[in-house]
Amino acid sequence: MPKYQTVTREDLIKQIQDEELIWDLVVIGGGATGLGVALDSVARGYKTLLVEQSDFAKGTSSRSTKLVHGGVRYLAQGDLGLVREASVERGLLCRNAPHLVKNQTFIIPIYNYWDMLKYTMGLKVYDWISGKLTLGSSSFISRKKTIEALPGIKNVGLLGGVLYHDGQFDDSRLAVNLAQSILENGGCAINYMKVVSLLKDDDQNINGAVIQDAELGKKYPIQTKAVVNATGVFVYAIMKMDNSSSKKTICVSQGVHLVLDKKFYPSDHALMIPETSDGRVLFAVPWHNKVVVGTTDTLVEEATLEPHALEKEITFILETAASYLTEKPVRSDVLSVFAGLRPLAAPKEGDQKTKEISRSHKIIVSASKLFTILGGKWTTYRKMGEDVVDRIEKELNWKHKKTPTADMHIYGFAEAVNWNDPLYFYGSDTSKIRERMNGTANQWISNDLKIHKMQVEWAVQYELARTVEDVLSRRTRALLLDARESIRIAPQVAQIIAKELNKDEQWINDQVGAYTRLANHYILK
Ligand SMILES: Cc1cc2nc3c(=O)[nH]c(=O)nc-3n(C[C@H](O)[C@H](O)[C@H](O)COP(=O)(O)OP(=O)(O)OC[C@H]3O[C@@H](n4cnc5c(N)ncnc54)[C@H](O)[C@@H]3O)c2cc1C
């Protein structure tokens with residue numbers, strides 16, 4: 001296997017084509033969960049393959065609120081175990097990917113004495129739960145300080161605020177870095193490769209899968225000792241592939257976010273409203289020089305890779321945000337709207353409200369030894385990976401190997417991070433990209449979003465990007481930060497990718513057309 005920096009799609013496919021090769025573990029799904037499982041497996045020394053039918057983090061894992069958090073909401077629900085687990089993982093992620101996870105202060109504005117007591121005390125418990133891995137202490141701050149910290153916040157009846165710390169990150173960049181870590185450690189992680197069926201031995205135990213190259217249509221049978229189903233909201237389809245009478249063990253809840261210009265929320269502190277008019281949580285989080293506001297929690301019937309925001313969700317966020325901010329955003333102010341689907345482990349009694357369904361993860365092992373992982377959150381992806389690999393070792397009688405991932409630096413690890421540098425999220429690659437930019441210093445494709453020609457080339461050469469959408473949605477975050485601007489630059493991006501991948505004019509036109517159709521759904525008309 002060539003050293004990571006020179007790995008191409010062709011190199012990865014060569015490994016898949018090797019019919020003699022028996023993988024220890026094949027992971028289906030390249031979101032947070034699958035990447036966590038594959039990295040854990042590869043770190044323990046198992047021969048590991050991860051296949052993603054679309055791009056890494058194309059699903060829910062690029063559509064989160066971007067928080068690495070213990071979960072203040074779960075504290076309110078009394079789920080201390082989950083808060084402790086997530087708080088520990090938050091601390092580990094800050095340590096292992098400091099180039100992507102920022103220590104973020106949050107402020108809860110307080111309008112009555114009961115909330116003052118409840119949140120001041122509650123957040124002390126939150127601090128205590130994270131122990132040594134705390135990101136800083138919470139405190140009550142005066143009305144004057146709250147208004148200074150949250151300019152524009154509704155001040156009628158404001159008593160003060162409770163300030164606390166959590167993590168804030170870039171979700172799809174972390175996914176790309178996890179894929180790079182898997183490759184760097186000798187594993188294979190490939191996008192645009194879909195599992196279309198599972199293979200079984202004479203005893204009906206799973207011993208392989210057929211995967212299909214989404215670009216060329218070619219199918220490859222592969223052999224493996226274990227298969228993990230980490231397909232988020234799509235787990236049920238894979239469970240049905242294994243056993244057509246599998247029970248549905250998942251429910252799907254949609255969350256929507258709006259992205260606004262910073263002028264609507266010109267603060268470095270994030271705003272947290274623990275209980276909106278209908279009892280949900282609302283965040284306004286500074287992100288890449290914009291502000292992300294969300295989220296909703298609506299049960300939906302169908303899972304799709306490209307979910308669309310519902311009108312009622314958009315209205316709810318705009319109205320709720322307007323009731324806290326003095327400068328009130330309207331539809332035309334929205335730079336981008338994105339929706340994501342939470343894969344929630346279904347409760348036993350089917351009628352629970354989504355915000356009360358536990359976010360903890362669950363592992364299901366089928367009779368033919370398909371390992372399915374459900375639920376969880378981005379913050380706990382590492383622990384989920386560890387739990388799955390532990391379970392596989394146990395179920396398949398493999399000798400237990402301790403995971404080293406708690407202390408393992410993630411690709412891009414860099415200690416000194418300048419958050420004001422528009423290239424900060426490349427971590428240890430930042431200087432290499434900047435070096436390449438010298439000499440082409442003026443080739444910014446988007447001045448507003450600070451996207452340079454060199455970043456597009458880099459994404460194709462080193463980050464396994466294959467399409468305009470991969471570059472504009474997940475290697476850079478243009479689609480989420482300003483969907484109109486991203487459409488404007490799509491033709492230039494397509495030209496650069498075409499040159500790198502040797503594609504023709506027809507490919508460029510198809511790419512620009514497909515991207516424009518997709519990005520139009522992120523614009524509010
Ligand atoms: C609105 C919202 C906000 C959230 N905010 C936060 C937050 O701030 N912090 C936090 O910690 N968590 C957050 N979460 C939770 C977190 O985002 C999810 O738990 C996590 O991203 C789920 O990852 P996943 O890998 O399980 O699913 P996904 O990211 O959906 O990945 C599953 C992948 O499987 C692939 N796949 C499906 N079928 C196949 C097949 N046959 N072959 C190959 N690949 C296949 C899909 O293409 C997909 O990419 C949020 C979730 C939502 C919805």
Side-chain angles (χ1 to χ4, degrees), residues 63-67 69 71-73 76 106-112 114-115 118-119 143 146-147 149-162 168 252-267 269-300 307-342 353-357 479-484 520-525:
R63 301 154 188 276
S64 76
T65 314
K66 329 294 178 204
L67 304 181
H69 59 159
V72 172
R73 163 175 46 181
F106 287 71
I107 297 179
I108 304 177
I110 299 291
Y111 296 92
N112 67 62
W114 168 239
D115 280 354
K118 186 167 81 177
Y119 295 120
R143 171 185 157 87
T146 306
I147 294 171
L150 305 176
I153 192 75
K154 178 179 80 175
N155 56 26
V156 181
L158 183 74
L159 299 175
V162 180
Q168 193 266 333
V252 178
S253 151
Q254 174 158 299
V256 163
H257 293 91
L258 306 182
V259 179
L260 300 169
D261 190 276
K262 264 209 104 171
K263 74 174 183 199
F264 292 98
Y265 185 71
S267 173
H269 306 280
L271 172 71
M272 203 277 201
I273 309 294
E275 227 173 329
T276 59
S277 55
D278 69 346
R280 290 186 278 205
V281 176
L282 191 93
F283 288 101
V285 186
W287 191 59
H288 291 302
N289 226 13
K290 310 271 186 247
V291 57
V292 177
V293 188
T295 176
T296 52
D297 211 338
T298 316
L299 274 181
V300 291
H308 296 156
L310 304 170
E311 265 317 306
K312 63 174 188 187
E313 297 179 285
I314 296 164
T315 311
F316 167 79
I317 296 175
L318 278 176
E319 281 177 359
T320 314
S323 69
Y324 286 93
L325 307 177
T326 42
E327 180 146 4
K328 310 211 179 300
V330 294
R331 288 178 77 89
S332 55
D333 296 317
V334 174
L335 297 171
S336 182
V337 52
F338 61 95
L341 300 178
R342 288 188 184 82
K353 290 197 185 128
T354 59
K355 60 178 182 276
E356 288 157 7
I357 298 173
L479 176 63
L480 271 57
L481 293 172
D482 189 339
R484 285 185 186 83
N520 267 318
H521 288 293
Y522 289 67
I523 295 173
L524 288 187
K525 305 272 165 34

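Along the sequence shown, residues are numbered consecutively beginning with 1. Computation of the quantities below employed the complete heavy-atom set of this structure, encompassing side-chain atoms and omitting hydrogens, waters and symmetry-equivalent molecules.
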S.K.: Applying side chain to side chain contact (heavy atoms under 4.5 Å, CB included), can you list everything that pairs with Ser64, at least two apart in sequence or on another chain?
M.R.: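 Ser64 satisfies side chain to side chain contact (heavy atoms under 4.5 Å, CB included) with Lys66, Phe169, Asp171, Trp378 once adjacent residues are dropped.
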S.K.: Can you give me the closest heavy-atom contact between Leu282 and Thr295, atom names plus distance?
M.R.: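 In terms of heavy atoms, the two residues are closest at CD1-N, 4.3 Å.
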S.K.: Nearest 0.5 Å, what's the CG-CG distance between Leu325 and Leu318?
M.R.: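 One finds 10.5 Å between CG of Leu325 and CG of Leu318.
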S.K.: For Leu335 and Lys290: C-alpha separation, side-chain torsions, deciding distance, then whether side-chain contact (heavy atoms from CB on, under 4.5 Å) applies.
M.R.: CA-CA 9 Å; Leu335 297 171; Lys290 310 271 186 247; 3.4 Å; yes
S.K.: Please examine the side chains of Pro109 and Ile273, heavy atoms only from C-beta on, and report whether any two atoms are closer than 4.5 Å.
M.R.: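 Yes - at least one pair of side-chain heavy atoms lies under 4.5 Å apart.
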S.K.: Within this structure, what is the CG-CH2 distance for the pair Leu480 and Trp287, rounded to the nearest 0.5 Å?
M.R.: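 Taking CG in Leu480 and CH2 in Trp287, the distance rounds to 5.0 Å.
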S.K.: Does any N or O in the side chain of Lys154 come within less than 3.5 Å of the main-chain N or O of Tyr324, such that one atom is a donor and the other an acceptor?
M.R.: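 No; zero donor-acceptor contacts below 3.5 Å.
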S.K.: With sequence neighbours excluded, tell me which residues meet side chain to side chain contact (heavy atoms under 4.5 Å, CB included) with Lys263.
M.R.: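 Expected list: Asp261, Glu327.
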S.K.: Side chain of Asn155, backbone of Leu158: donor and acceptor closer than 3.5 Å?
M.R.: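 No.
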S.K.: Please give me the minimum heavy-atom distance between Thr146 and Gly160, naming the atom from each residue.
M.R.: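 What the structure gives for the nearest pair is OG1-C, 3.2 Å.
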S.K.: Got a sec, which residues hit ring pair (Phe, Tyr, Trp, His ring centres under 6.0 Å) with His269, two or more places apart in sequence or on another chain?
M.R.: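 Residues passing ring pair (Phe, Tyr, Trp, His ring centres under 6.0 Å) with His269: none at all.
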S.K.: With under 30° as parallel and over 60° as perpendicular, where do the rings of Phe106 and Phe283 fit, or are they tilted in between?
M.R.: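 Geometry flag for Phe283 against Phe106: perpendicular rings.
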S.K.: When you compare the side chain of Val259 with that of Tyr522, does any pair of heavy atoms fall below 4.5 Å?
M.R.: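 No. Closest side-chain heavy atoms not under 4.5 Å.
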S.K.: If the condition is side chain to side chain contact (heavy atoms under 4.5 Å, CB included), which residues does Val330 pass it with, not counting sequence neighbours?
M.R.: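 Ser332, Asp333.
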S.K.: Side chains of Val291 and Val285: closer than 4.5 Å at any heavy-atom pair?
M.R.: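 No. Closest side-chain heavy atoms not under 4.5 Å.
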S.K.: Quick one: side chains of residues 309-317, donor-acceptor pairs under 3.5 Å with protein atoms, not counting sequence neighbours, listed by atom name and distance.
M.R.:
residue, atom, partner, partner atom, Å
Glu311, OE1, Arg331, NH1, 2.9
Glu311, OE2, Arg331, NH2, 3.4
Glu313, OE1, Gln254, NE2, 2.7
Glu313, OE1, Leu310, N, 2.9
Glu313, OE2, Thr296, OG1, 2.7
Glu313, OE2, Thr298, OG1, 3.2
Thr315, OG1, Glu311, O, 2.8

S.K.: Is there a side-chain contact between Leu150 and Leu271, using heavy atoms and a 4.5 Å cut-off?
M.R.: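 Side-chain contact under 4.5 Å: yes.
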S.K.: Is there a side-chain contact between Thr65 and His257 (heavy atoms, below 4.5 Å)?
M.R.: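 In contact.
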S.K.: Please report the shortest heavy-atom distance between Phe264 and Pro329, naming the atom on each side.
M.R.: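 Nearest pair, atom of Phe264 first, then Pro329: CE2-CA, 3.6 Å.
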S.K.: Does Val162 reach the side chain of Ile110, with side-chain heavy atoms less than 4.5 Å apart?
M.R.: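 Touching, per the 4.5 Å side-chain cut-off.
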S.K.: Restricting to ring pair (Phe, Tyr, Trp, His ring centres under 6.0 Å), what partner residues turn up for Tyr265, sequence neighbours left out?
M.R.: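 Tyr265: no ring pair (Phe, Tyr, Trp, His ring centres under 6.0 Å) contacts found.
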S.K.: Compare all side-chain heavy atoms of Arg143 with those of Leu159 and state whether any distance is below 4.5 angstrom.
M.R.: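 No, too far: nothing below the 4.5 Å cut-off.
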S.K.: What heavy-atom pair brings Pro286 and Ser267 nearest, and what distance separates the two atoms?
M.R.: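 Minimum heavy-atom separation between Pro286 and Ser267: CG-O, 3.5 Å.
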S.K.: Keeping Arg63 on the side-chain end and Val256 on the backbone end, is there a donor-acceptor pair under 3.5 Å?
M.R.: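 Looks like no, no N/O pair under 3.5 Å.
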S.K.: Just wondering, more than 12 heavy atoms not from Asn520 lying within 6.0 Å of its CG?
M.R.: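 Above 12, so yes.
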S.K.: Taking all non-hydrogen atoms of both residues, which atom of Ser336 and which atom of Asp482 are closest, and how far apart?
M.R.: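 Scanning both residues, the minimum pair turns out to be CB-N, 4.5 Å.
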S.K.: Specify the closest pair of heavy atoms between Pro266 and Pro151, including all atoms of both residues, with the distance to one decimal.
M.R.: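 Answer, listing the atom of Pro266 first, then Pro151: O-CG, 3.6 Å.
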S.K.: With a 4.5 Å heavy-atom cut-off, do Met272 and Ile107 have their side chains touching?
M.R.: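 A side-chain contact is absent here, since even the closest heavy-atom pair is not under 4.5 Å.
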S.K.: With the threshold set at 4.0 Å, does a side-chain nitrogen-carboxylate oxygen contact exist between Asp297 and Arg342?
M.R.: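 Yes.
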